[in-house]
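Everything below concerns the one structure shown next.
Note that this is a predicted model, so its numbers are computed, not measured. Each chain gets a letter, A, B and so on, in the order the sequences are listed, and its residues count up from 1.
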Amino acid sequence: MARPELLDPVLGDLASRIRAALLAAGLPEAEADLERPRQPEHGDWATTAPLRLAKPAKRPPREIAQALIDHLDLPDAVESVEIAGPGFVNFRLAHRYHEALVHRVVAAGDDYGRRNREQGERETVNVEFVSANPTGPLHVGAGRWAATGDAIAALLEADGHEVVREYYVNDAGEQVRRFGESVVLTARGLPLGDDHYRGSYIPEVAEQLRAEHGDGLFEDIPDTEIQLGGGAEHAADGELVEDAAVTADPRVDPRIGARVGVLAVEAMRQRIQGQMHQLGVDFDVWFSERHLHDTGAIEAVIGQLKADGRTYEADGATYLRTEQFGDDKDRVIVRSDGRPTYFASDLAYMRDKWERVTADGRSGRLYYLLGADHHGYVGRLLAAAECLGLPRDRVEVRIGQLVNLLRGGEPVRMSKRTGEMIALDEVVDEVGPDVTRYHFLRQGLDTMVDFDLDVVAQQSMENPVYYVQYAHARINSLIRTADERGFDHGSLEDADLTRLTHPAELQLLTAMAQLPIVVDDAADLRATQRLARYAEELAGTFHRFYTECRVLVEGDDQLGQARYWLAVAAKQVLVNALALLRVTAPERM
RNA sequence: GCCCCCGUAGCUCAGUGGAUAGAGCACUGGCCUCCGGAGCCAGAAGCGAAGGUUCGAUUCCUUCCGGGGGUACCA
């Protein structure tokens with residue numbers, strides 16, 4: 001639950017006065033909640049304290065409400081108070097509150113809506129998202145995690161926390177060698193096996209590596225000359241070769257497959273980084289799984305878990321006792337042949353992240369954003385956190401439903417096996433980054449999203465992002481026109497904001513006042529759609545204001561100036577909301 | 001079998017226990033020679049079903065119905 005009283009000094013003042021009044025009236029202690037009534041006629045803010053107190057105080061709610069009002073020392077910023085319905089107490093803000101808001105917004109500028117936290121209340125949050133395997137380009141679905149993870153990170157930052165945006169690169173394991181084999185076979189012009197990766201990007205990677213390393217890269221070479229992973233002896237590469245005993249394609253020397261795989265994976269990772277950047281998403285950390293192998297972090301965490309008595313041996317394998325922490329069953333971390341599982345990497349990775357976010361005594365938090373296809377991981381990740389001794393409430397795993405890619409209402413088949421797919425960058429090229437991001441951000445994570453290329457490509461109200469951007473472009477046009485006509489807007493200090501009395505003006509002001517609360521709320525719930533819907537609402541109130549209230553009015557400069565500054569402030573709020581969604585605010589469109 | 005998500009207007013979706021459940025699309029009808037009509041105003045239309053908790057349930061719990069997804073010593 002958002003706490004408006006913490007974000008707005010006026011509301012904070014009101015809340016404490018309510019608490020004082022309840023106390024003075026001899027009522028039991030209660031939260032002085034403030035919420036916004038649905039109906040505008042019910043005022044700007046309301047408290048439900050009397051309804052909550054009815055039972056403990058054994059008095060009717062309306063009577064309590066009256067007692068509250070009788071003892072309430074009404075602040076200047078509140079114009080009126082009344083009892084309504086079963087026992088709500090409604091407050092209407094005085095006009096000076098709205099006037100002060102314009103000054104607040106303009107003074108705060110880009111910081112309006114952002115919150116400062118004391119050191120003790122600030123968390124360092126590691127937000128891990130996308131983390132798709134670098135064995136192929138990203139598809140549209142990854143765009144959802146990219147847009148959402150990035151916006152949640154931005155919201156947490158605005159809410160006063162420190163954030164690290166992180167991508168976990170699965171650049172170790174058998175899939176790397178298999179990916180390498182696919183590239184080698186393609187480079188040699190040989191047919192691929194059933195287990196190989198396909199798709200037009202494979203020949204592209206083969207060509208790129210050929211250009212960078214020469215043809216010899218794909219040829220089998222004598223044992224004495226082989227070098228793994230750019231010369232260094234990588235444990236991961238050693239494992240790759242060992243794994244190959246069972247699963248390798250006989251046509252490709254596993255050492256060649258592994259070596260090419262490592263290079264191909266890095267090439268793919270760079271393309272993914274480019275895809276992310278194109279969407280406006282730039283990660284702070286690209287964390288290599290290989291790094292965990294190289295540094296012995298995996299063995300270390302296994303050793304620690306064994307020492308802590310979290311494991312047991314069965315059938316020659318090592319199991320982690322995750323079931324006692326809510327997982328469906330205990331999980332293997334070391335296979336019977338001695339190789340660690342991916343889950344073991346996950347454990348080492350989690351420990352590494354936790355050490356980073358809690359370094360220097362900071363208050364850390366781990367946030368995982370996963371697709372519904374990984375929902376089975378939630379239980380084991382949370383159990384893993386407990387096995388590692390991490391506080392459970394500091395590890396958050398959120399699941400988002402998947403994306404359906406459509407064209408003209410028909411599903412676009414995507415199959416990794418046949419390689420038939422439309423990559424994320426192709427989609428973004430077609431419809432643009434703003435539309436792509438916004439389309440994902442305005443819907444909750446629990447809802448499955450249809451991404452219809454034909455619909456999304458339309459520049460109409462099928463895409464509310466244009467509605468919001470248009471409001472911004474309109475304000476700019478307004479300011480431009482005022483300039484061209486030599487309109488004297490004066491200074492904000494001299495503007496007579498008491499002239500802003502039209503209902504459309506008051507609605508706009510009221511909407512503008514909500515941004516800090518919406519940000520807090522959305523950050524708290526990790527719900528980007530809150531912010532997107534708010535931006536639409538704000539744009540709507542501006543459009544109505546624009547239609548009903550002329551700014552460049554003839555013969556009333558004072559009114560024009562007041563409205564001019566209102567528009568300037570509204571633009572700032574719009575810009576700030578769009579910035580958090582990482583959607584551009586165009587001057588013209 | 002077990003687990004997760006969803007079911008709100010004709011369609012796509014908001015709505016974290018509060019008062020008369022909101023937008024967009026689609027449909028119908030309007031918008032003064034004037035700052036951008038990608039806009040504004042008006043109309044009609046809805047919480048899958050049944051129980052329970054609560055002063056109060058679209059929201060929390062149970063069951064049922066309907067739709068989507070997940071269930072490895074895979075990666």
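Along RNA chain B, the nucleotide nearest to A:E587 and the one nearest to A:D446 differ in position, and the one closer to the 5' end is contacted by A:D446. In terms of position along RNA chain B, the nucleotide closest to A:P37 lies nearer the 5' end than the nucleotide closest to the other residue of the pair A:R474 and A:P37.
Looking at heavy-atom distances under 4.0 Å, A:H543 makes contact with sugar-phosphate atoms alone, never a base. Among the heavy atoms of the strands, none lies under 4.0 Å from A:T341. A:S477 comes within 4.0 angstrom of a nucleotide base, judged by non-hydrogen atoms across all strands. Nucleic acid contact class of A:R38 (heavy atoms, under 4.0 Å, all strands): base. Across all strands, A:N90 comes closer than 4.0 Å to base atoms (heavy-atom distances). A:A54 comes within 4.0 angstrom of nothing in the nucleic acid, heavy atoms only. The residue A:A46 sits close to a base: some heavy atom pair falls under 4.0 Å. Contact annotation for A:R544: backbone-only contact, meaning every heavy-atom pair under 4.0 Å involves sugar-phosphate atoms and none involves a base. Within 4.0 Å (heavy atoms only), A:N463 reaches no atom of the nucleic acid at all. At the heavy-atom level, A:Y377 lies under 4.0 Å from base atoms of the strands shown. Looking at heavy-atom distances under 4.0 Å, A:F487 makes no contact with the nucleic acid at all. Backbone-only contact: A:R485 has heavy atoms under 4.0 Å from sugar-phosphate atoms and none from a base. A:L51 comes within 4.0 angstrom of a nucleotide base, judged by non-hydrogen atoms across all strands.
Looking at the side chain of A:R533, the nearest of the listed nucleotides B:G70, B:G22, B:A19 is B:G22.
Across the C1' atoms, B:C5 and B:C74 are found 24 Å apart, a figure rounded to whole Å. Here, B:A23 and B:C47 have their C1' atoms 16 Å apart, quoted to the whole Å. Comparing B:C40 with B:G10, their C1' atoms sit 25 Å apart, to the nearest whole Å. Rounded to a whole angstrom, the distance from the C1' atom of B:A38 to that of B:C60 is 42 Å. Nucleotides B:G39 and B:C3 place their C1' atoms 48 Å apart, quoted to the nearest Å. A gap of 26 Å separates the P atoms of B:A50 and B:G1, to the nearest Å. Here, B:C64 and B:A45 have their C1' atoms 28 Å apart, quoted to the whole Å.
Distance CD (A:Q401) to P (B:G7): 11 Å, rounded to an integer number of Å. With rounding to whole Å, A:L406 atom CG is found 14 Å from B:G68 atom C1'. Atom pair A:E174:CD and B:A72:P shows a separation of 18 Å (rounding to whole Å applied). Atom C1' of nucleotide B:G15 and atom CD of A:Q39 are separated by 14 Å, given to the nearest angstrom. Between the C1' atom of B:C13 and the OH atom of A:Y467 lies a distance of 16 Å, rounded to the nearest Å. With rounding to whole Å, A:Q507 atom CD is found 11 Å from B:A23 atom P. Note: CD1 (A:I479) to C1' (B:G36) measures 14 Å, nearest angstrom. Atoms CZ (A:R339) and C1' (B:A75) sit 11 Å apart, rounded to a whole Å.
Judged purely by atom type and a 3.5 angstrom limit, A:R526 uses its side chain to pair as donor or acceptor with the backbone of A:A523. In this structure, the side chain of A:N90 does not engage the main chain of A:A46 through any donor-acceptor pair within 3.5 Å. No side-chain donor-acceptor contact under 3.5 Å links A:H291 to the backbone of A:S288. Distance alone, capped at 3.5 Å, places no donor-acceptor pair between the A:N170 side chain and the A:N133 backbone. A donor-acceptor contact shorter than 3.5 Å is absent between the side chain of A:D44 and the backbone of A:R92. With hydrogens and angles disregarded, a donor-acceptor distance shorter than 3.5 Å links the side chain of A:R437 to the backbone of A:L581.
Rounded to the nearest 0.5 Å, atoms OH (A:Y342) and CG (A:L347) are 14.5 Å apart.
Checked against the 6.0 Å centroid criterion, the rings of A:Y349 and A:Y168 qualify as a close aromatic pair.
For RNA chain B, the residues of residues 431-445 of chain A within the heavy-atom distance limit of 4.0 Å (strictly under) are A:Q443, A:G444, sorted by number.
In RNA chain B, runs of at least 3 stacked Watson-Crick or G-U pairs (N1-N3 plus N6-O4 or O6-N4, or N1-O2 plus O6-N3, all under 3.5 Å) give these stems: B:1-7 with B:65-71, B:10-13 with B:22-25, B:27-31 with B:39-43, B:48-52 with B:60-64.
Taking the 5.5 Å centre cut-off and the 30° plane limit, the aromatic side chain of A:H42 is classed as stacked on B:A19. With centres under 5.5 Å and a plane angle under 30° as the test, the ring of A:Y470 is not stacked against the base of B:G36.
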inquiry  = Show, in sequence, the C-alpha distance, side-chain angles and deciding distance for A:T311 and A:Y319, and conclude whether the side chain to side chain contact (heavy atoms under 4.5 Å, CB included) test is met.
reply    = CA-CA 5 Å; A:T311 67; A:Y319 285 76; over 6 Å; no
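Contact between A:A567 and A:I475 at its shortest, heavy atoms only, is O-CG2, 3.6 Å.
By the neighbour-count criterion of 12 heavy atoms within 6.0 Å, atom CD of A:E299 is sparsely surrounded, having that number or fewer from other residues, nucleotides or ligands.
Between A:R442 and A:E536 there is a salt bridge, since at least one side-chain N of the basic residue sits less than 4.0 Å from a carboxylate O of the acidic one.
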